[in-house]
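Below, chains carry the letters A, B, ... as their sequence lines are ordered, and counting in each starts from 1. Computation of the quantities below employed the complete heavy-atom set of this structure, encompassing side-chain atoms and omitting hydrogens, waters and symmetry-equivalent molecules.
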2 protein chains.
Amino acid sequence: MENIEIIATGSYLPKEIITNEKLNQKFKLEENWIEHRTGIKQRFISKEESIEELAKKSIEDLIQKNNFDIKKVEMIIVATTSTAKLMPGISFLMQKEFNIPKCICMDILVGCSGYINAIDIIRKYIAMGEIQYGLVIGVEKISEYLDNKDINTLAILGDGAGATLIGKSNVKKEYFSNIESLGQEGQILTCNNNESLYMDGKSVYKFGVTKTVENIENLLEKTNTKIDEIKYIIPHQSNIKILNSILKRLNIEKEKAYINIEEIGNTFNASIPICLDEMYNKKLLKNGDKVILIGYGGGLNIGSILIEI
Amino acid sequence: MENIEIIATGSYLPKEIITNEKLNQKFKLEENWIEHRTGIKQRFISKEESIEELAKKSIEDLIQKNNFDIKKVEMIIVATTSTAKLMPGISFLMQKEFNIPKCICMDILVGCSGYINAIDIIRKYIAMGEIQYGLVIGVEKISEYLDNKDINTLAILGDGAGATLIGKSNVKKEYFSNIESLGQEGQILTCNNNESLYMDGKSVYKFGVTKTVENIENLLEKTNTKIDEIKYIIPHQSNIKILNSILKRLNIEKEKAYINIEEIGNTFNASIPICLDEMYNKKLLKNGDKVILIGYGGGLNIGSILIEI
């Protein structure tokens, strides 16, 4: 069975910044109300660019930084929750945009954490020797699904895109995934075409913390890994309170977790790949480092991946 | 690597039948105009049932006929092109409906042929020993996306759902997939939320025939299989003219192909699993038979699977 590794990353955030100040004025809120509750100072919103343009620009960023010949990609999976593009999906539009000749394209809907599922699918195609390179895009234009009277979702959510290129590794690399769905509780976080996004904040908080902690404990146990062996936890950037509670319950110091929610907000499927890209830009990740990617959210769905850099 | 087999099938067609007569009256067409051009006599349309109800009833049919304990399912993939359910997806709603405890859910958008991709993903999870049973649902309520003035799409397309349960096989079974996307040509067949489905019939015909023939020739070559070794070809039911041209070019006699388009029309992602279910109902398939499933359509996407029953 072939091993995999992360080859390159890219990301893109749209131009318009929505600061807390802007929201405070609109909703007549106290100065620190939003930041205190969410840990977020600003979020990005795309007014002019389509969701496929966001995806495209994250790939352009990846290419520009890593000088990878994108035509070698044999699989593109787009994970999203905010698309009206049923056929062809965004993955097919990306194949066209970059004129990729031999490729399997697929858009997947797995709530906020489809990025994790996408990595896991591409890993299987590589592990079984069917492809050498696969591209995952997490992209959201979630602003189109927000009720402009609902401060609870407007304060948290933002648009963005992140691209991660996975390839066959010639050396042994650890990899383990732990993905589980909880459709039974799906009604607490919904986003459908022609409806506004709905979030039952309290229930999402409870689920986000308890089920995610269980999932990671389970991952560590199954892989016989101690948390000390993990260089970084790279979680979905849902809300700072959820993140802090997860870290506390797992007894993980804050420095071990990569958190950028303050400047970007919660970008659903784009959040983990944007983090990863920032971490590569900052040269935080080195060959052999073990990290855990953690996705959770609507569906409900939870997925974690232990991957060796 | 574990082997896979088809364990059980189910399907569901909604109640309302739209006969050619009905369309002839509305569009003032000659009696045989539709049948001559498409091979279709009638199609089914769901007015009252939602897309998730269609999916649910195909699973109920599978359970009722096969007495399988659906709670054993560890993965549900729904392939569709006509959903507004972004989060949670239909797969999550099915987990909830049947109260399946331990499961990975995912909806995929891969044009008309996502059913093939879904089988291929589940096969990988089983082959790598991660799950034992996976359920694929191909479901469409495409009638919601049709322009009621466009006879070309109204004549061809219909609603429906098909369920296929895949499981680990204890004996060696042949399996080979050949999936390729062609996003470069995606504009000839599109379906987006808040838009009517668009089909450039002539280009779809050309693509459907030439690319599908190439794909199958390639599959046969790679697996070193002669067409005589194949018991049945089970193609996506696109249009009788496309089907006949594909069979003719591949030099396959009509009896070797399963065709039900006359009575059902083209149900996009539901078409292959409905065919499979009918074939099991008619006891056409026996242990050891080799069959080829062929999906093609929007994206563009083409995929064929050689699978041993």
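Considering all non-hydrogen atoms of both residues, B:Gln95 and A:Gly183 come closest at OE1-N, 2.6 Å. When all heavy atoms of A:Leu109 and B:Leu86 are compared, the closest pair comes out as CB-O, 3.9 Å.
Ranking A:Gly298, A:Gly186, A:Cys191 against chain B, the residue ahead of the rest is A:Cys191, based on heavy-atom pairs under 4.5 Å. Interface remark: of the candidates A:Glu195, A:Met75, A:Met128, A:Met128 forms the most heavy-atom pairs closer than 4.5 Å to chain B. Between chain B and the options A:Ile76, A:Asn117, A:Asn301, the largest number of non-hydrogen pairs under 4.5 Å is found for A:Asn301. Interface remark: of the candidates B:Ile77, B:Ile100, B:Val78, B:Ile100 forms the most heavy-atom pairs closer than 4.5 Å to chain A. In terms of heavy-atom pairs under 4.5 Å with chain A, the best-connected choice from B:Leu182, B:Leu93, B:Leu197 is B:Leu182. Heavy-atom pairs under 4.5 Å with chain A peak, among B:Gly89, B:Ser91, B:Cys105, at B:Cys105. Per-residue heavy-atom pair counts under 4.5 Å with chain A were compared for B:Ile108, B:Ile179, B:Ile90, B:Ile104, and the maximum is reached by B:Ile104.
Side-chain contact between A:Ile121 and B:Tyr125 is present, with at least one heavy-atom pair separated by less than 4.5 Å. Contact of the B:Leu300 side chain with the A:Pro88 side chain is not registered, since no non-hydrogen atoms from C-beta on lie closer than 4.5 Å. A:Lys102 places none of its side-chain heavy atoms less than 4.5 Å from the side chain of B:Glu180.
Neither the backbone nor the side chain of A:Met94 comes within less than 4.5 Å of any heavy atom in chain B. Contact annotation for B:Phe268: only side-chain heavy atoms (C-beta onward) come within less than 4.5 Å of a heavy atom of chain A. Both the backbone and the side chain of A:Met106 come within less than 4.5 Å of a heavy atom in chain B. Proximity to chain B (any heavy atom under 4.5 Å) is restricted, for A:Glu130, to the side chain, taken from C-beta onward.
A donor-acceptor pair shorter than 3.5 Å can be found between the side chains of B:Asn194 and A:Asn194.
More than 12 heavy atoms of other residues, nucleotides or ligands lie within 6.0 Å of NZ in B:Lys173, so this atom counts as buried by the packing criterion. Heavy-atom neighbours of B:Asn224 CG from other residues, nucleotides or ligands within 6.0 Å: at or below the threshold of 12.
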(request) Evaluate the criterion side chain to side chain contact (heavy atoms under 4.5 Å, CB included) for residue pair B:Val110 and A:Phe92; output intermediate values, then yes/no. (result) CA-CA 9 Å; B:Val110 196; A:Phe92 288 88; 3.7 Å; yes

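Once rounded to the nearest 0.5 Å, the distance linking CG of A:Asn192 with CG of B:Asn193 reads 9.5 Å.
Shown are B:Leu189, B:Thr80, B:Thr190; of these, the side-chain contact (heavy atoms from CB on, under 4.5 Å) with A:Met87 is made only by B:Leu189.
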